Every structure is written in structure tokens, then in C-alpha cells.
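All remarks here apply to the structure that follows.
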Amino acid sequence: MKFKAVIFDLDNTLHDLHAAAQAASDAVSLFCGAEFTLHFTPLNRDRPGLLQEFCAFFGSETTAKTAFSLYYQLELLCLREFDGMREVLSALKDAGLKLAVLSNSDGHSVYPRLSLLGLDGFFDAVFVRESFPEIKPSPAVYQAVLDALGVSASEALMVGDSLKKDVAAARACGLSAMHAWYGSWEVRDAVCS
């Protein structure tokens, strides 16, 4: 086998954050009353930025904190791994590959998501926003992950939902990359067709 390691993005690659965020947003809107319809989808925002957005939206810091707490709990409860993901991870582990998560989300988001889904045990390493001075698509991030896993770029495969941050950036660094189009809003990468 050519690959020795597979690096996964987390959100919308291993699990469906879009659906969880929308369900949680809808529930918070209902909880706060009909006049509060969340006109944003709180995707790809880490907790501090999301709380600030709730404060701006609701106007009241007390209401925003209550809504945010409810939102965050519901988002976690609504998370679902994509069909077949556990089987894919098991097969890769059984084949002796190193598995890692590389996410631009902060550790306060990543670790609870992996744990709640029961996927954390599959990974040899988990890299979050705080792991490096830069985030994807920085080439330095990809090199640091390769170094930590002890593999060369030609021995690693990146799987992610973002064509820019996951697929193109990894390929520019010499890794093979697959577009997780099933979790992406972007047009499917031609290489995966």
C-alpha cells in the first residue's frame, strides 16, 4: 500500500456539522420565541466568535448566553457521523495506517465532538487550531502534521470537505487528497469523480 497515514478534517468530513448546527439553530429560535429567527447558520465558528455573534443577534447578553449554552448542547447532541465512517476508520486502522484529525476548529469544539461520537479512539493524533501558530491551508501546518506522524508527503492522504483548505492545500504540499464532497457545499472535485 502506498499510504502510511490518512489525515482527516473533522467537521463535515467525519460528521455532519451542517445538519447539527441547523437543527440546534432551529431549536434555539423556537425556544427564544417566534420573533427570534436565527438568520445565520453558526457553521465554522469557534465558541468565542459564536458567542459574540449571539450577543449581537439577541441584543441582550443574558439572553445570548442562555441561547448560546442551549445551542452548544444541542449541537453536540445532534451530531451524527456520516454513514459508513466507523467502518472506514476501522478498515484503515486494521490495515496498519496512522490516522489523524487536522481541524481549524479549536480544541473546545473538536475534542467533545470526537468523544461524543465515539471516534476519538481511532486516531493516533488530533491537531486543532491551538496546535500550531498557523491553520490550514498553511503549508507549515501540513509539514508539521507529517513530521508528527513520521511520514513523508507522498505517504499521506488528506481527506476533507474544503477544496481550498483541505484538498488544494494538501496537494500543493505533495500529499494526495480526496474531497469529502458528501459533506461539502462545493462542487465535487474532478479527481474524485
Side-chain angles (χ1 to χ4, degrees), residues 7-89 99-123 125-131 135-137 141 158-167 178-188:
I7 305 162
F8 290 90
D9 175 53
L10 175 64
D11 300 330
N12 301 310
T13 299
L14 296 176
H15 67 84
D16 192 349
L17 181 61
H18 295 304
Q22 194 59 61
S25 293
D26 291 347
V28 169
S29 291
L30 289 171
F31 177 77
C32 291
E35 68 273 22
F36 293 116
T37 302
L38 296 178
H39 294 290
F40 64 92
T41 304
L43 299 176
N44 298 319
R45 291 178 181 84
D46 289 325
R47 293 181 74 186
L50 188 55
L51 180 55
Q52 291 169 359
E53 193 161 335
F54 269 68
C55 286
F57 182 80
F58 289 107
S60 160
E61 188 172 338
T62 303
T63 302
K65 285 182 177 180
T66 300
F68 174 74
S69 177
L70 177 61
Y71 169 82
Y72 188 68
Q73 291 173 41
L74 290 171
E75 181 193 85
L76 285 174
L77 292 173
C78 292
L79 287 177
R80 299 292 179 266
E81 68 191 63
F82 284 111
D83 289 341
M85 191 54 63
R86 190 172 301 273
E87 293 78 11
V88 167
L89 295 173
L99 302 183
V101 168
L102 174 58
S103 177
N104 280 352
S105 292
D106 64 32
H108 294 292
S109 299
V110 171
Y111 298 118
R113 289 173 184 164
L114 281 172
S115 179
L116 188 74
L117 291 167
L119 298 178
D120 46 350
F122 286 105
F123 298 99
V126 177
F127 303 98
V128 296
R129 175 180 294 273
E130 302 91 342
S131 298
I135 59 173
K136 298 182 289 182
V141 170
M158 176 68 196
V159 180
D161 67 304
S162 170
L163 288 173
K164 178 183 177 185
K165 293 182 228 172
D166 298 320
V167 178
M178 291 179 60
H179 183 211
W181 58 268
Y182 51 84
S184 179
W185 289 340
E186 299 173 310
V187 175
R188 187 175 181 174

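Residue numbers run from 1 in the order of the sequence given. This is a predicted model, so every value here is computed, not measured.
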Can you tell me how far the [atom1] atom of [X] sits from the [atom2] atom of [Y], to the nearest 0.5 Å?
X: Phe8; Y: Met85; atom1: CZ; atom2: CE; value: 6.0 Å
X: Asp26; Y: Tyr71; atom1: CG; atom2: OH; value: 10.5 Å
X: Lys136; Y: Arg129; atom1: NZ; atom2: CZ; value: 10.5 Å

Which atom of [X] lies closest to which atom of [Y], heavy atoms considered:
X: Leu74; Y: Ala27; value: CD1-CB, 3.5 Å
X: Tyr182; Y: Thr13; value: OH-O, 2.8 Å
X: Pro112; Y: Gly107; value: CD-O, 3.6 Å
X: Leu89; Y: Phe122; value: CB-CD2, 3.6 Å

Quick test of your reading of the model: are Asp9 and Lys165 salt-bridged, counting only N-O distances below 4.0 Å? no

Would you say [X] and [Y] make side-chain contact, with heavy atoms under 4.5 Å?
X: Phe123; Y: Leu14; answer: yes
X: Ile7; Y: Phe127; answer: no
X: Glu75; Y: Leu17; answer: yes
X: Leu10; Y: His15; answer: yes
X: Asp166; Y: Val159; answer: no
X: Leu119; Y: Arg86; answer: yes

>> Walk me through whether Arg113 and Leu76 qualify under side chain to side chain contact (heavy atoms under 4.5 Å, CB included).
In response: CA-CA 7 Å; Arg113 289 173 184 164; Leu76 285 174; 3.9 Å; yes

Without hydrogens or angle criteria, can the side chains of Ser109 and Asp106 be said to hold a donor-acceptor pair below 3.5 Å?
yes

Between [X] and [Y] (side chain of the first, backbone of the second, donor and acceptor by atom type, cut-off under 3.5 Å), is there such a pair?
X: Asn104; Y: Ile135; answer: no
X: Ser69; Y: Lys65; answer: no
X: His179; Y: Ser162; answer: no
X: Ser184; Y: Ala180; answer: no
X: His18; Y: Gly183; answer: yes

Result for side-chain contact (heavy atoms from CB on, under 4.5 Å) between Val126 and one of Val101, Asp120, Leu102 points to Val101

Residues at least two apart in sequence or cross-chain that pass salt bridge (Lys or Arg N to Asp or Glu O under 4.0 Å) with Lys164, listed by chain then number, are none

Over 12 non-hydrogen atoms of neighbours within 6.0 angstrom of CD in Glu130: yes

List the steps and the verdict of side-chain hydrogen bond (donor to acceptor under 3.5 Å, both in side chains) for Ser105 and Asp11. CA-CA 8 Å; Ser105 292; Asp11 300 330; 3.0 Å; yes

